[in-house]
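Below is one structure, written out as structure tokens; comments come after it.
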Amino acid sequence: MPELAEVEFYRRQWDKASGQKILSVHVNGKARVLRGTDVAALEKTLRCASMLGSEAHGKQLMFRFSNGGWLGVHLGMTGDLLVEPADAPVLKHDHLVLRQATQSLVFRDPRQFGRLLFHKGKEAPDWWQNRAVEILSPQFTLALVQTFLSRHARAPIKAILLMQNGFPGVGNWMADEILWRSKIHPNRPAGRLRGDEVKRLHAQTRFVCRQSMRIVGLKNGDLPKSWLFQHRWEKGGKCPVDGSALRREEIGGRTTCWCPSCQKRR
DNA sequence: TACAATGTTTTAAG
DNA sequence: CCTTAAAACATTGT
């Protein structure tokens with residue numbers, strides 16, 4: 001599920017627990033999502049700690065706890081952060097459950113492409129430093145995008161939009177939405193885009209992020225029918241702009257949807 | 001059945 | 001060392 005806006009929505013779910021104490025921790029240390037993390041330290045530090053707050057950066061989430069606990073969460077393809085009743089049973093794919101007086105915070109991920117990281121200390125851990133420029137920050141400039149595209153000049157633009165160090169938070173559907181709005185064919189080499197096309201790409205990247213954060217990120221609302229998102233998986237889906245039959249093909253390793261008349265191959 | 005799924009990470013090749 | 005492409009990862013649903 002989770003791209004930029006959904007990640008923010010999930011952050012808010014768990015952030016409801018901000019300021020509340022954790023009474024006990026249930027963690028499945030053998031779960032793949034915990035590979036490479038110090039599960040014992042996680043368990044020991046979070047028990048009886050309070051959540052201080054949280055942040056999202058692209059698809060990365062970070063929850064801060066008293067006692068110097070830093071919990072990193074990546075939702076992968078099927079990850080989910082839920083607030084369940086205090087006595088909710090631990091289900092098959094619940095890899096971490098934080099019990100509180102009135103609720104349980106659950107990290108669930110059937111496919112386990114997600115990941116949990118843990119760090120204890122006063123300073124932010126490596127994985128929460130030196131992060132990419134966020135798309136909605138003022139530093140995400142046209143020049144920054146141009147530089148990034150020229151560094152990956154031969155790869156298809158669709159693949160470039162999926163790179164988290166250039167476009168943090170953008171995933172498969174957002175990349176398609178951005179290209180469709182920019183009227184750029186997903187298979188165009190990034191370095192061959194004209195100046196006006198890069199300009200549109202930059203503007204539409206920000207537009208898609210801003211709007212989806214407003215609509216999906218705040219209350220998990222539905223995007224308008226005028227978005228490609230609402231048609232990309234429909235059988236016989238049509239372009240919301242001109243009614244052309246949408247095309248689907250694997251580009252940059254992911255199924256890609258585009259409008260062949262709005263997004264020309266040149 | 002076989003394939004595909006809102007994502008990284010690893011491996012290999014150029 | 002850098003870029004790019006493909007396979008791998010694990011589970012579920014169509």
Side-chain angles (χ1 to χ4, degrees), chain A residues 1-11 13 28 30-37 56-62 72-81 91-96 107-117 126-128 131-132 135 147-181 186-192 205 208-209 211-213 215-217 220-223 227-237 246-258:
Chain A
M1 260 191 185
E3 297 182 27
L4 188 73
E6 293 101 330
V7 169
E8 169 61 13
F9 175 77
Y10 285 127
R11 183 193 68 77
Q13 300 308 109
N28 174 10
K30 286 190 297 234
R32 181 184 154 81
V33 289
L34 282 149
R35 63 196 179 280
T37 69
H57 188 109
K59 295 176 190 171
Q60 309 282 345
L61 286 165
M62 188 276 296
V73 178
H74 193 290
L75 297 167
M77 201 86 102
T78 53
D80 197 352
L81 295 181
L91 302 182
K92 190 178 173 185
H93 301 297
D94 296 348
H95 310 300
L96 177 66
F107 171 72
R108 182 174 297 162
D109 184 7
R111 222 169 144 185
Q112 297 204 68
F113 288 177
R115 191 151 196 186
L116 293 173
L117 297 170
D126 294 345
W127 47 262
W128 200 248
R131 291 158 299 155
I135 290 166
T147 303
F148 193 76
L149 296 197
S150 60
R151 191 166 299 155
H152 303 281
R154 285 159 47 216
I157 185 63
K158 168 64 188 276
I160 306 311
L161 282 170
L162 295 175
M163 293 182 176
Q164 297 302 295
N165 51 351
F167 298 87
V170 171
N172 203 29
W173 77 255
M174 288 181 80
D176 286 356
E177 189 77 39
I178 292 163
L179 290 171
W180 174 70
R181 287 172 182 274
N187 216 9
R188 296 269 305 282
R192 295 244 186 84
T205 298
V208 168
C209 287
Q211 294 304 313
S212 63
M213 283 291 255
I215 298 165
V216 181
N220 208 19
D222 289 333
L223 296 169
W227 284 46
L228 178 68
F229 178 83
Q230 298 294 354
H231 309 270
R232 51 174 291 131
W233 295 120
E234 283 174 357
K235 200 172 169 183
L246 295 172
R247 282 201 60 181
R248 275 201 295 268
E249 202 175 293
E250 184 166 303
I251 297 175
R254 306 297 301 279
T255 300
T256 298
C257 178
W258 76 96

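Below, read A as the first sequence line, B as the second, and so on, with proteins coming before strands; counting in each chain starts at 1.
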Provide, to the nearest angstrom, the distance between the [atom1] atom belonging to [X] and the [atom2] atom belonging to [N].
X        : N      : atom1 : atom2 : result
A:Lys158 : C:dT4  : NZ    : P     : 16 Å
A:Met163 : C:dT4  : CE    : C1'   : 8 Å
A:Met77  : B:dA4  : CE    : P     : 13 Å
A:Arg115 : B:dT10 : CZ    : C1'   : 12 Å
A:Glu234 : B:dA5  : CD    : C1'   : 17 Å
A:Leu75  : B:dT8  : CG    : P     : 10 Å
A:Phe167 : B:dT8  : CZ    : C1'   : 18 Å

- Message: Using every non-hydrogen atom in the two residues, find where A:Pro2 and A:Gly76 come nearest and quote the distance to one decimal.
- Response: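 Looks like CD-O, 3.4 Å.
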- Query: So, for A:Leu161 and A:Val170, which heavy atoms are closest and what is the spacing to 0.1 Å?
  - Reply: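 A:Leu161 and A:Val170 have their closest heavy atoms at O-CG1, 3.3 Å.
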What is the nucleic acid contact for [X], judged by heavy atoms within less than 4.0 Å: base, sugar-phosphate only, or nothing?
X        : result
A:Arg154 : sugar-phosphate
A:Pro189 : nothing
A:Ala159 : nothing

- Taking C-beta and beyond as the side chain, do A:Gln164 and A:Gln60 meet within less than 4.5 Å on heavy atoms?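 Counting from C-beta outward, A:Gln164 and A:Gln60 never come under 4.5 Å.
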- Query: Is any side-chain heavy atom of A:Cys209 less than 4.5 Å from a side-chain heavy atom of A:Met174?
  - Reply: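 Side-chain contact under 4.5 Å: yes.
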- Taking only the side-chain heavy atoms of A:His152 (C-beta and beyond), determine which of B:dA4, C:dT4, B:dT8 contains the nearest atom.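 Given the options B:dA4, C:dT4, B:dT8, the side chain of A:His152 is closest to C:dT4.
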- Message: Quick check on B:dA5: is either OP1 or OP2 less than 4.0 Å from any side-chain nitrogen or oxygen of A:Thr78?
- Response: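 It does not, given that no N or O in the side chain of A:Thr78 lies less than 4.0 Å from OP1 or OP2 of B:dA5.
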- Do the side-chain N or O atoms of A:Gln164 get closer than 4.0 angstrom to the phosphate oxygens (OP1, OP2) of B:dG7?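 For B:dG7, neither OP1 nor OP2 has a side-chain N or O of A:Gln164 closer than 4.0 Å.
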Could you list all N or O pairs between the protein and nucleotides 8-12 of chain C that sit under 3.5 Å apart?
unit_1: C:dA10; atom_1: O4'; unit_2: A:Arg111; atom_2: O; d: 3.2
unit_1: C:dA10; atom_1: N1; unit_2: A:Arg111; atom_2: NE; d: 2.7
unit_1: C:dA10; atom_1: N1; unit_2: A:Arg111; atom_2: NH2; d: 2.9
unit_1: C:dA10; atom_1: N3; unit_2: A:Arg111; atom_2: NE; d: 3.2
unit_1: C:dT11; atom_1: O3'; unit_2: A:His93; atom_2: NE2; d: 3.4
unit_1: C:dT12; atom_1: OP1; unit_2: A:His93; atom_2: NE2; d: 2.8

- Message: How about CZ on A:Arg192, more than 12 heavy atoms from neighbouring residues, nucleotides or ligands closer than 6.0 Å, or not?
- Response: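 No.
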- Item | C:dA6: pairing nucleotide in any strand, Watson-Crick or G-U under 3.5 angstrom |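 B:dT10 is the nucleotide pairing with C:dA6.
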- Cation-pi, A:Trp227 ring and A:Arg232 (6.0 angstrom, 45 degrees):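 The answer is no; the distance or angle limit is not met.
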Show which side-chain atoms of residues 148-156 of chain A pair as donor or acceptor with protein atoms under 3.5 Å away, not counting sequence neighbours.
unit_1: A:Ser150; atom_1: OG; unit_2: A:Gln146; atom_2: O; d: 3.3
unit_1: A:Ser150; atom_1: OG; unit_2: A:Thr147; atom_2: O; d: 2.8

- Take atom C1' in C:dG13 and the same atom in B:dT8, then report the distance between them in whole Å.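 Going atom to atom, C1' in each nucleotide, I get 22 Å.
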